[in-house]
Amino acid sequence: MKTIITRFPPSPTGYLHVGGARTALFNWLYARHMKGKFILRIEDTDLERSTKASADAILESLEWLGIDWDEGPYFQSERFDIYKEYVQKLLDSGNAYYCTCTAEEIEEMRKKAMADGGKPKYNGKCRNKKLGKTGNAVVRFASTSAGTTVLKDVIKGNIQFKNTELDDFIIVRSDGVPTYNLAVVVDDITMGINTVIRGDDHVNNTPRQIQIYKALGVEPPAYGHVPMVLGNDRSRLSKRHGAMSVTAYRDMGYLPDALLNYLVRLGWSYGDQEFFLIDELIEKFTLDNIGRSAGIFDQEKLLSLNADHIKASRPNKLVKYWQPFLKERGLDTDDTLYLEKIIETLNTRSKTLIELTEGALFYFQDEISYEEKAAKKNFKPAALKPLKLLCAHIEAIEEFNEANLEDAFKKVMQSCEIKFGKIAQPLRVALTGKAVSPGIFEIMHVLGKDAVISRLKKAVIFMEASTPPLSA
RNA sequence: GUCCCCAUCGUCUAGCUUGGUCCAGGACACCGGCCUUUCACGCCGGCAACAGGGGUUCAAAUCCCCUUGGGGACGCCA
């Protein structure tokens, strides 16, 4: 059995967006599933628009996602000699020719073709002129207009194209730099790529590429065109759909595994299963479960999946993704054991790492500032006595454990003749400053005896200072 | 304009290959309820779809055709 070799070939003209990430993911998963190879190639033949910064950003995103590559990154801009060689072959075999038509002439041809009810095309004017290489001549591929080209797509099935639909497209620009259609084919041939999984938007390029393969006498790879990811208005994903870069999701507190999980399910399915860990995906991912229709990117579902992944992650694994968010707020992240304990109290109530951070703030503050609403509602005069009493009982505890703590509560409840709820909420505000938080026993356990007592005392002082003793 | 692709709840989808087990299943969102020291988690329940029209067939979400709708491509971008 042959080794499957896939690739991801982004062009460095911007950041890696979620659609591209999904394409990379499919190629990567398939390669991993088949125990094959995954190659990364930077398609920077467009010297004008390609930037080093974009290339770096893309690599960074892939690394964060955990999509690793076995070869590369190769840069097309460093492979011009190879392309030149192949172009010469095409020229020699009569499958390509020089063309000196001007932009105006070509514009005319296109208009005419449109007027005749067809696609805007180049009419092949220079094809038989046998022109030599001159100053600003381009090289065009002499495509066959007879017959049809069949694309055997592993996802969409057979697609037929009448060859008359194709024109003689440019394979080398006037400045000598090859264009996309030529470079992909040459790269895929020389890199041994045998499986090409890419976006739907490339379907119409495929017959051109297949023709180049034929002209070169090389067997084309297996193609699989995955449907596009659309924005909520059903149009192609773009900036106006909001945050679409991988790094934006990272910065919003999403876990890479959650993004990957969401992305893979957008277009691929495994029965009714929604939640996947990466290893599981590698084990279960195959091309035949990829759907044929385009999908809309749904942030809500991604959010929900992120919450699931936060819940399912081992705290010690989550720490490394969480630390940057803590650092951003100037919080100390050295005590990872403490962080893990905090996570355990908050992971079921945080949908993102930002929510986790916000929910955890009180753990890091020595001085709790009370939320006005929460204080008003729970720091009522009637709560003063129970809190004071509770403080005293807790201080008296020798071993700060659940049993003793429970005992302290019982005593307070009995002597004040109140229910647990009456003491729990004020205590919560005293400990966290908020009316919403993890369970108070969990919190006390993480905070420890000293912090609990100190926060209780401060709450008592606060209440005494701000509340006139209405009831005796 | 021309070519290509697609079409199941609002969204992602299962089911379609090998018609009947589907008056269509799961998930997100939404709405109820339970649990409960708050908020969540969790659990239970509800709302909600086979685009339309023709065929084929005893029988069609599943096969065929047309219409409509949506998307994509037509670059010296990739």
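Lettering follows sequence order; numbering is per chain, from 1.
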* In terms of side-chain heavy atoms, does A/Q76 have a donor or acceptor partner in A/R79 at a distance below 3.5 Å? -> no

* Structure fact -> 5'-most contact on RNA chain B (nearest-nucleotide basis), A/K156 vs A/G439, goes to A/K156

* Asked: When we call it a touch if two heavy atoms are under 4.0 Å apart, what does A/G267 touch: a base, just sugar-phosphate, or nothing?
  -> sugar-phosphate

* Asked: Does a side-chain N or O from A/S437 land closer than 4.0 Å to OP1 or OP2 of B/rU38, or not?
  -> no

* To do: Determine, stepwise, if the pair A/S145 / A/N163 fulfils side-chain hydrogen bond (donor to acceptor under 3.5 Å, both in side chains).
  => CA-CA 5 Å; A/S145 58; A/N163 288 334; over 6 Å; no

* So A/W322 and A/F364, would you call those rings parallel, tilted or perpendicular, with 30° and 60° as cut-offs? -> perpendicular

* Structure fact -> Given protein heavy atoms under 4.0 Å, the one-letter contact record of nucleotides 66-78 of chain B, with B base, S sugar-phosphate only and - none, is simply ----SSBSBSBBB

* Is any side-chain N of the basic residue among A/E372 and A/K376 closer than 4.0 Å to the acidic one's carboxylate O? -> no

* When the P atoms of B/rA49 and B/rC43 are considered, how many whole Å apart are they? -> 25 Å

* To do: State plainly whether the residues A/D200 and A/K156 are in salt-bridge range, i.e. N to O under 4.0 Å.
  => yes

* Name the orientation of the base relative to the sugar in B/rC41: syn if the glycosidic angle is within 90° of 0, else anti. => syn

* Asked: CZ of A/F362 versus C1' of B/rC39: gap in Å, rounded?
  -> 12 Å

* Integer angstrom distance from the P of B/rG42 to that of B/rA24 -> 27 Å

* When the aromatic ring centroids of A/F297 and A/Y262 are compared, is their separation below 6.0 Å? -> yes

